[in-house]
There are 2 protein chains.
Amino acid sequence: MRSIDLPLVRELDLFAEMEEANFDELMQAAFLQRFPPQVQLITEGDPADFLYIMVEGGVELFAANGGRETSIEIMRPVTTFILAAVLRDAPFLMSGRTVESSKILMVPSENVRAIFARDQVFARAVVRELAARYRGVVKSLKSHKLRNAVERLANYLLRTETEQGGTGVVQLQIDKRTLAALLGMTPENLSRAFVTLKPYGVEVSGREIRLTKIDDLRSLAKPSPLIDDPTT
Amino acid sequence: MRSIDLPLVRELDLFAEMEEANFDELMQAAFLQRFPPQVQLITEGDPADFLYIMVEGGVELFAANGGRETSIEIMRPVTTFILAAVLRDAPFLMSGRTVESSKILMVPSENVRAIFARDQVFARAVVRELAARYRGVVKSLKSHKLRNAVERLANYLLRTETEQGGTGVVQLQIDKRTLAALLGMTPENLSRAFVTLKPYGVEVSGREIRLTKIDDLRSLAKPSPLIDDPTT
DNA sequence: TTGAAATCTTGATAATTATCAAGAATTGGC
DNA sequence: GCCAATTCTTGATAATTATCAAGATTTCAA
C-alpha cells in the first residue's frame with residue numbers, strides 16, 4: 001500500500017499500541033483500493049475474507065430482506081468495519097457500498113486472526129473496538145425502539161452538529177434517501193419530519209441544515225448520553 | 001460460590017479453554033447470588049462493577065427513555081451479560097431485572113479485566129463472545145427495521161419452536177407483556193398479531209403456542225439465516 | 001447553458017401501530 | 001376452592017408511518 005496512508009491507519013485505536021513488527025506484517029498482506037461511488041464492496045451472506053479499513057470517503061452498511069432495504073451505519077475514516085465477521089469467520093450480516101469515491105485498505109482475515117492470536121496488545125485493542133461497536137448498535141436499537149421518526153431525526157441533527165464543530169450548521173454527508181434509511185423511515189417521511197422541525201429552528205436548504213434554536217430543538221429531542229453520546 | 005454450579009460456568013465458551021489457575025482466580029473473587037423475580041439488578045447509566053453470569057432463571061435487559069420502555073434481550077443460563085460495559089469500564093446501556101427466581105454469578109469487573117490482560121486464551125474467548133453478541137444485536141436491529149410486527153412475531157415463534165426441540169409447540173418463558181416489549185410492540189398489538197396468525201396455524205392457549213401449519217407460517221415469516229439463525 | 005435524469009417535496013390516501021376503555025381470563029395468596 | 005389482583009384480549013379511535021402519484025428542484029453531462 002502507499003506508505004503515505006499508513007500513519008493514519010497506525011493511529012487507529014485498533015493498531016496504535018501494537019508492536020511494529022506485527023503491524024508491518026499485517027500491512028504487508030494488505031492492499032489499498034480506490035473505489036468509485038456506489039460500488040458494492042461486500043454482500044450479506046458472503047464469507048468475510050478481508051477486514052476493511054476506511055482511509056478516505058464513506059461506506060454505507062445496509063441490509064435487505066423481503067424486498068425491503070435499510071441502512072445500518074455509515075462508516076467514515078478512519079475506522080474498520082466488519083471486524084466481528086472477520087473474528088468469527090462468519091458470513092457478513094450486512095452489505096456495504098461506497099457512498100462516494102473512497103480509498104479502502106483491505107487486510108486478509110487470516111492475517112488479522114493470526115496476529116490477533118499472538119499479539120496481546122492487538123487483542124486487547126480488538127476487544128475495546130468490538131465492545132465499542134456493540135454498544136453503538138445497542139444505542140441504535142434503543143433509538144429505534146424508544147423514539148418516533150421526528151425524535152430520531154432531531155437527535156441525529158444535534159449529534160451531527162456537535163460532531164461537525166458546534167457551529168449551528170449541519171452539512172449532510174449523505175443524500176436524504178440514505179439518511180431516511182439510516183433513521184428508519186421513508187424519504188417522504190423524512191421530508192415531512194424536516195417540516196415538523198421547522199418551528200424548532202431547523203432550516204433546510206439542500207444538504208445544509210441550519211439549527212437556529214438549538215435549545216428548542218434539544219427540548220424536543222431530549223437527547224440521552226446513553227443513546228446519543230458516541231463516547232459513552 | 002457453591003462449587004456445584006462451577007462446572008456449568010466452566011463449560012461456557014467464555015471460560016472453557018482458559019487455564020485452571022486463572023479460572024480459579026476469577027471464581028475466587030466471584031460470588032453467587034439468588035434473586036427473587038422482578039428484582040432490578042442493574043440500572044442503565046450505572047458503572048459496570050461486575051460481570052454477570054446467569055446460572056439459573058432469566059434476566060430481562062431493558063432500556064427506558066422519555067417515559068417509554070423496551071426490552072432488548074432476555075438472558076438465559078448459561079450466559080454472561082454486560083460484557084461490553086465491563087471491558088470498556090463504561091456505564092451500562094441497559095437495565096436488567098430478573099423475570100423469575102434466578103441464580104446469578106457476579107465477578108468483579110477488575111478481576112475480569114486483569115485476567116483478560118494476561119490470559120490469551122481467555123482474551124480470545126472474550127472476543128468470540130463479544131463478536132457473537134455484536135452480531136446478535138445487529139440481527140435484532142435488522143429484524144426491527146425490515147419487518148412489521150406480525151412478521152417479527154412469526155419469526156420469533158419459529159425460532160423458539162426450533163430452540164425448544166421442534167415439537168410444534170412453543171412454551172413462552174416470559175409473560176406476553178415482556179414478549180411484546182421484546183418484539184417492539186404494545187401488548188394489545190401482540191394479542192392482535194396472534195389473531196392475525198391464527199390462519200397460519202398458530203393456536204394460543206396461555207403460554208403454550210401450538211404451531212399446526214409450520215410451512216404456512218414459514219412462508220409468511222420468510223425467516224432468514226442472516227437474521228434468525230442464532231449460530232450464524 | 002440546456003435538458004434529461006435523478007432527487008426531493010407535497011398531497012391524498014392507505015396501512016400499520018398506539019392509545020384508551022372495558023371486559024374476560026388467569027394467577028396466586030389465603 | 002375462592003376472591004382479588006393481575007394479565008390478557010377486544011373494540012373503538014387516534015396517531016404514526018408508508019404508499020402512490022405528481023410536481024418541483026437539483027445535478028450533471030453534453
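In what follows, chains are A, B, ... by sequence order, proteins preceding strands, each numbered from 1. These numbers come from the heavy atoms of this one structure, side chains and all, not from hydrogens, waters or symmetry mates.
- Nearest-nucleotide mapping onto DNA chain D: of A:V150 and A:E188, the residue sitting toward the 5' end is A:V150.
- For B:R152 (side chain) and B:S143 (main-chain N/O), no donor-acceptor pair under 3.5 Å exists by modelled atom type.
- Nearest nucleotide to the side chain of B:R177, out of D:dA18, C:dC8, D:dT7: D:dT7.
- When atom types are taken as modelled, the side chain of A:R88 and the backbone of B:R128 share a donor-acceptor pair closer than 3.5 angstrom.
- Listed pair B:K176 / D:dT9 meets the phosphate criterion, a side-chain N or O lying under 4.0 Å from OP1 or OP2.
- Following rounding to the nearest Å, B:E151 (CD) and D:dA18 (P) show an atom-to-atom distance of 14 Å.
- Between the B:S71 side chain and the B:A181 main chain, no donor and acceptor come within less than 3.5 Å of each other.
- One interatomic measurement links the two molecules: NZ of B:K145 to P of D:dT17, which rounds to 14 Å at whole-angstrom precision.
- The side chain of A:D175 sits closest to C:dC8 out of C:dC8, D:dT10, C:dT9.
- Regarding A:F194, its CZ atom lies at a distance of 16 Å from the C1' atom of D:dT25, rounded to whole Å.
- Note: CG (B:N148) to P (D:dT17) measures 15 Å, nearest angstrom.
- Mapping A:N189 and A:G206 onto DNA chain D by nearest heavy atom places A:N189 closer to the 5' end of the strand.
- Per the geometry, CD belonging to B:Q38 stands 14 Å off C1' belonging to C:dT27, to the nearest Å.
- One interatomic measurement links the two molecules: NE2 of B:H144 to P of D:dT17, which rounds to 15 Å at whole-angstrom precision.
- The distance from atom CE of B:M185 to atom P of C:dA18 is 8 Å, rounded to the nearest whole Å.
- Taking the six-membered ring wherever Trp is involved, the centroid distance between the rings of B:F92 and B:F81 does not fall below 6.0 Å.
- Rounded to whole Å, atom C1' of C:dT27 lies 10 Å from atom CZ of B:R207.
- Within the nucleic acid shown, B:R192 comes within 4.0 Å of at least one base atom, counting heavy atoms only.
- Side chains of A:D216 and A:S219: a donor-acceptor N/O pair is absent below 3.5 angstrom, by distance only.
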